[in-house]
Amino acid sequence: MYKSFRVKNFRCFKDLQINDLGRVNLIAGKNNTGKTALMEAMYILTGSRDLKTLLRRANSSMPRFRRDIEEESRTTISWSTIFSDLDSSKLVEISASDLDIHDRSKGNGSTYAVEISQLQDISATDDKALIELLERRFDSFDQPPKVLKLASNFEAQDMYLVLHDRGMRPTHFRFKQLYPANMSNAREKAHSRENSRRFDRIQKSKRLDVLIETLQVFEPELTDLRLGTNDALHVIEAEMGLPELVTLNNLGDGMNRMLELMLAMYEIRGGVMFIDEIENGLHYTIHKKIWQLIDEVSKQWDIQIFATTHSYEMIQAAHEAFKDEDPYEFRFHRLNRRSDTGEIEAVTYNKAGVDAFTSINYEVRG
Amino acid sequence: MKNIYVDPSWGHLLLVEGSDDEIFFKKFTQHLKIDADIHIVQYGGKTKLRSFLLTILNDTDYPRNRKHIGIVRDSDRNTNAFDSVLSALEYANKNRGTDHKFSIPPAAQTRSVESPYVSVLTLPPDEQGTLEDVVMDALKADPIMPCVESYFDCLTPLMTNISEERKSKSRLSVFVSGKVIDMDETSNRDSKRKFLREAVAMNWWKPELWRHSKFKPIEDFLRQLLKP
């Protein structure tokens with residue numbers, strides 16, 4: 001689990017450091033202070049090579065380095081937004097120190113780091129995989145290709161991403177994940193087939209109780225879940241004490257989002273979960289209960305949580321849910337632009353800090 | 001409850017206990033013509049001071065934007081009101097999530113050495129009581145004051161558990177209530193006035209009252225807040 005984190009030259013960050021991460025972390029700040037970018041940087045550091053995240057291709061079907069991305073033309077792909085000030089000559093550095101969240105004596109104190117850079121002179125490379133790819137695939141170009149290098153201190157081999165006239169291709173498809181990780185975006189729903197697969201796995205492990213308990217926060221009448229079929233497609237159905245089972249898609253967005261979250265978290269046991277705009281679709285009256293469920297799952301499945309919010313109620317509810325726990329493993333991080341340089345800084349609020357502003361109703365979202 | 005927010009662009013902050021204090025100090029700074037330079041904020045009473053200070057300190061821009069923080073609190077019956085403010089400042093320094101700290105003033109009414117400066121005013125200075133006591137002392141020469149005192153002289157033997165803090169507010173409240181029956185256009189507008197915040201807004205509160213010697217330490221404190 002991450003104990004401290006630093007990111008340099010990535011998106012809106014020049015140099016941002018957070019020294020005190022908790023098991024459950026909530027990030028707030030005004031628009032354009034990098035809440036999502038911070039989670040993206042952390043996500044990349046888990047070893048994920050998810051192009052949707054790296055290139056911010058929301059709602060695209062862009063895969064995770066499983067095959068060539070020929071359908072994307074060079075003109076529609078840009079990686080300049082990876083670099084601060086859109087300056088692709090900069091070196092992006094993302095690093096974190098590691099510590100076991102449950103047993104701090106187990107933390108090995110290692111520092112993990114990822115670097116991202118655009119090769120300024122392709123001909124100077126001595127990486128065999130890149131040379132071979134360039135010679136084999138891209139021997140004739142209308143324009144010289146651009147090459148993005150992703151290097152880490154936990155993988156033996158650097159990865160290169162080649163952007164050329166007809167699309168994009170990486171030097172290799174296999175990579176090492178430091179931690180299993182998942183990113184949940186309120187605007188981007190997981191594919192129902194993916195949800196069904198995940199549901200099937202959790203059902204086989206006899207852990208449907210977690211899903212049922214979660215959904216009962218929204219619908220107390222719900223007593224059971226099962227995987228059914230509808231027009232040959234697998235769908236998740238709920239027993240609500242009605243004459244027929246109810247397809248979950250017909251219930252509220254908040255319920256479906258929480259179900260997706262729980263399914264995604266089960267997949268990454270021992271890993272890191274990133275949740276963008278966690279309050280989305282959730283009424284304030286259930287915020288505290290949602291945090292309690294997330295807390296329980298985070299402990300049971302050994303998952304470090306990072307979430308963003310614009311909701312003051314969500315921050316208050318998190319503190320309410322965690323304040324009596326010993327140790328207090330919740331941290332609130334506020335991102336703020338410096339008034340003089342405009343650079344983004346982070347403040348981490350411990351228990352006393354969160355208690356202070358919630359007890360006097362001080363506005364800290366901004 | 002309305003959320004509190006202190007605009008980070010204000011360099012000179014005056015932190016006061018409650019709404020009565022806020023209006024008293026607003027009127028006083030208006031009289032001194034320094035109201036445009038000092039942002040007066042309520043911290044919600046002495047029990048909330050440490051939370052308020054910690055939250056102010058957890059602003060990444062604190063050392064860049066703030067120049068001087070003045071903290072005012074009633075002395076009450078506590079002979080160590082200044083120490084109590086110091087302990088709130090130290091609590092904030094201990095629990096902060098930022099690199100910067102509050103600089104600690106060496107004594108009441110003396111600003112700290114390092115910028116952003118911090119200074120503390122306990123009221124009345126160097127004795128027990130409240131802001132209301134300071135105001136009542138300044139109003140001592142008013143013709144209705146003997147009536148107020150004799151009313152409390154009559155009440156006191158009948159009470160078993162007198163709170164000195166409440167008595168201060170109550171004396172002022174009786175004084176202001178007396179003033180509203182003295183018909184003038186202010187009392188016609190509202191006959192239920194009885195608080196400090198209303199006293200300083202009433203017609204009988206003449207500008208020369210601000211020059212009373214009892215208010216001199218407050219004036220000095222406010223002027224010190226703006227010293228470079």
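The chains referred to below are lettered A, B, ... by the order of the sequence lines, with proteins before strands, and numbering in each begins at 1. As the structure is a computational prediction, the values presented were derived from the model and not from experiment.
- Proximity to chain A (any heavy atom under 4.5 Å) is restricted, for B/Asn65, to the side chain, taken from C-beta onward.
- Each of A/Thr341, A/Asn9, A/Asp85 was evaluated against A/Lys14; a single residue qualifies, A/Asp85, per the side chain to side chain donor-acceptor pair (under 3.5 Å) test.
- Interface residues of residues 87-105 of chain B toward chain A, defined by a heavy-atom distance below 4.5 Å and sorted by number: B/Tyr91, B/Asn95, B/Gly97, B/Thr98.
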Test salt bridge (Lys or Arg N to Asp or Glu O under 4.0 Å) applied to A/Lys323 and A/Asp355, step by step: CA-CA 8 Å; A/Lys323 70 179 181 188; A/Asp355 199 54; 5.9 Å; no
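- Defined by atom type and a distance below 3.5 Å, a donor-acceptor pair is present between the side-chain atoms of A/Tyr328 and A/His319.
- A donor-acceptor pair shorter than 3.5 Å cannot be found between the side chains of A/Ser4 and A/Asn19.
- In plain terms, the two heavy atoms of A/Gly34 and A/Ile344 that are nearest each other are N-CD1, 4.4 Å.
- Not less than 6.0 angstrom separates the ring centroid of A/Phe322 from the ring centroid of A/Phe332.
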